[in-house]
Amino acid sequence: MARRLDVTGADGIRLAAWDYTVEGAAREGTAPEARTPARPPAVSIARQPAAPEDRARPAGAPAPPPPGDARSAAPVLLLHGLMGHAAHWAPAARLLAAGGHRTLALDQRGHGASEKPPAGPFTREAYVADAAAVIERLGLAPVTLVGHSMGALTAWQLAAERPDLVRALVICDMRASALGAASQRAWQDWFRSWPAPFPTLEAVHRWFGADDAWVETPNPARGAFFAEVMAERPGGWHPVFDPEQMLTSRETWVHDAHWDSLAQVRCPTLVVRGLDGELGRAEAQEMVRVLPHGAYAEIPDAGHLLHYTHPEAWAEAVDPFLAGVLTT
């Protein structure tokens, strides 16, 4: 089990972080045949640092660092996306921890086990300040920040504002371009379409995996993803987050482009996308071009939830990048 760490955010908000380091290290000795079958390896281009040539390992599993390796206990902080929670990173976090990184994941404000203040704030500034506070109060600086979707935006905005706190950055399937008012309205309509409360957890799996009008083809992994952020209360199963708070959080970034802050990131940065994700290849490669020290990787058979659905392939993309930046 991951170890819970209670920490105070920037404005006194109570946040929950989860340390996967001990759990991941314990799994290091797991027999290769007991692991999840490896997915096809990611394709990486655009100035990505190469992994050391002698890093033999079971398919999909990062090798433990040799004695004296600079990666030993190197801290990594994982930031989930909108509506997510820290445990969505669990399989990927265990792989990073088994590779020798001190690996933590944060439930951001309004999410997971962290506080959900009725009045917020749920601004970009609040999310970024929380991440900075967690890094400083847990003594993680300089940290490698890994963010998915909205969490990736938080990560690169922090890296731009506080380069002293961030050693390297991984951006997972987050666009730098503006999505606009029509996108926000679509999300409002989507939340209103939820048949919540759901009568059973199976109903959650079924609706988000197949019955949701946003789903073009049935996707059991999507159902599982949302089932993890539901809790049983009187009347049925409800999201652990407040949908209105999620819309408020999204409102603060969806109308603007974020190329300027991306260009201010000075640390080594890997942009990772799923082939069927929300970040298109052309935009991802433009993000790499804009970044002063950018690199690119994609996971061929993954979508937006790439770290959740394909943790082995995700680790194969990310671990060589981390090995390169932490040993140079």
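Worth knowing before you read on, the calculation uses all heavy atoms, side chains too, and leaves out hydrogens, waters and symmetry mates. Remember, predicted model here, so these are calculated numbers, not experimental data.
- Residues in residues 232-242 take part in no salt bridge (Lys or Arg N to Asp or Glu O under 4.0 Å) pair, two or more places apart or across chains.
- Across all non-hydrogen atoms, the minimal contact from W253 to H258 is O-NE2, 3.0 Å.
- Separation of the F226 and F198 ring centroids does not fall under the 6.0 Å cut-off.
- With sequence neighbours left out, the ring-ring contact (aromatic ring centres under 6.0 Å, His included) criterion links W314 to W89.
- Atom CD of residue E312 and atom CG of residue L95 lie 5.0 Å apart, to the nearest 0.5 angstrom.
- The CE atom of M83 sits 7.0 Å away from the CZ atom of F225 when rounded to the nearest 0.5 Å.
- Between A317 and A297, the shortest heavy-atom contact is CB-CB, 4.0 Å.
- Residues passing the side chain to side chain donor-acceptor pair (under 3.5 Å) test with H88: none are found, sequence neighbours excluded.
- The side chain to side chain donor-acceptor pair (under 3.5 Å) check on W259 picks up nothing, with sequence neighbours excluded.
- One finds the CZ atom of F122 at 6.0 Å from the CE atom of M246 (value rounded to the nearest 0.5 Å).
- For the pair H80 (side chain) and A105 (backbone), a donor-acceptor distance under 3.5 Å is absent.
- Residues meeting the side chain to side chain donor-acceptor pair (under 3.5 Å) test with Q245, sequence neighbours left out: none.
- Put simply, CG on L279 and CD1 on I171 are 9.0 Å apart, with the number rounded to the nearest 0.5 Å.
- Atom-to-atom distance recorded for Q264:CD and L291:CG is 11.5 Å, nearest 0.5 angstrom.
- Applying the side-chain hydrogen bond (donor to acceptor under 3.5 Å, both in side chains) definition to pairs two or more places apart or across chains, those involving residues 129-139 are R109-D130, E136-R162.
- Between R175 and E278, none of the side-chain N atoms (NZ, or NE/NH1/NH2) sits under 4.0 Å from a carboxylate O, so this pair counts as no salt bridge.
- Closest non-hydrogen pair, G112 versus V240, comes out as N-CG2, 4.3 Å.
- A heavy-atom distance below 4.5 Å is found between the side chains of R102 and L140.
- Between V325 and R167 there is no side-chain heavy-atom pair separated by less than 4.5 Å.
- Residues satisfying the salt bridge (charged side-chain N to carboxylate O under 4.0 Å, His left out) test with E286, not counting sequence neighbours, are R289.
- Not counting sequence neighbours, R185 has no partner by the salt bridge (charged side-chain N to carboxylate O under 4.0 Å, His left out) test.
- In this structure, L15 and D107 have side chains that are not in contact, with every pair of non-hydrogen atoms separated by 4.5 Å or more.
- Evaluation of the salt bridge (Lys or Arg N to Asp or Glu O under 4.0 Å) test over residues 248-262, restricted to residues two or more places apart or in two chains, returns none.
- Atom OH of Y296 sits about 4.5 Å away from atom CZ of R273, to the nearest 0.5 Å.
- Sequence neighbours left out, the pairs with a member in residues 196-218 that pass side-chain hydrogen bond (donor to acceptor under 3.5 Å, both in side chains) are W190-D212, D212-R222.
- With sequence neighbours excluded, no residue satisfies salt bridge (charged side-chain N to carboxylate O under 4.0 Å, His left out) with R266.
- In terms of the side-chain contact (heavy atoms from CB on, under 4.5 Å) criterion, residue partners of T154 (sequence neighbours excluded) are, by chain and number, L79, Q108, R124, Y127, V128, A131.
- Side-chain atoms of Q285 and V271, non-hydrogen and from C-beta on, never get closer than 4.5 Å to each other.
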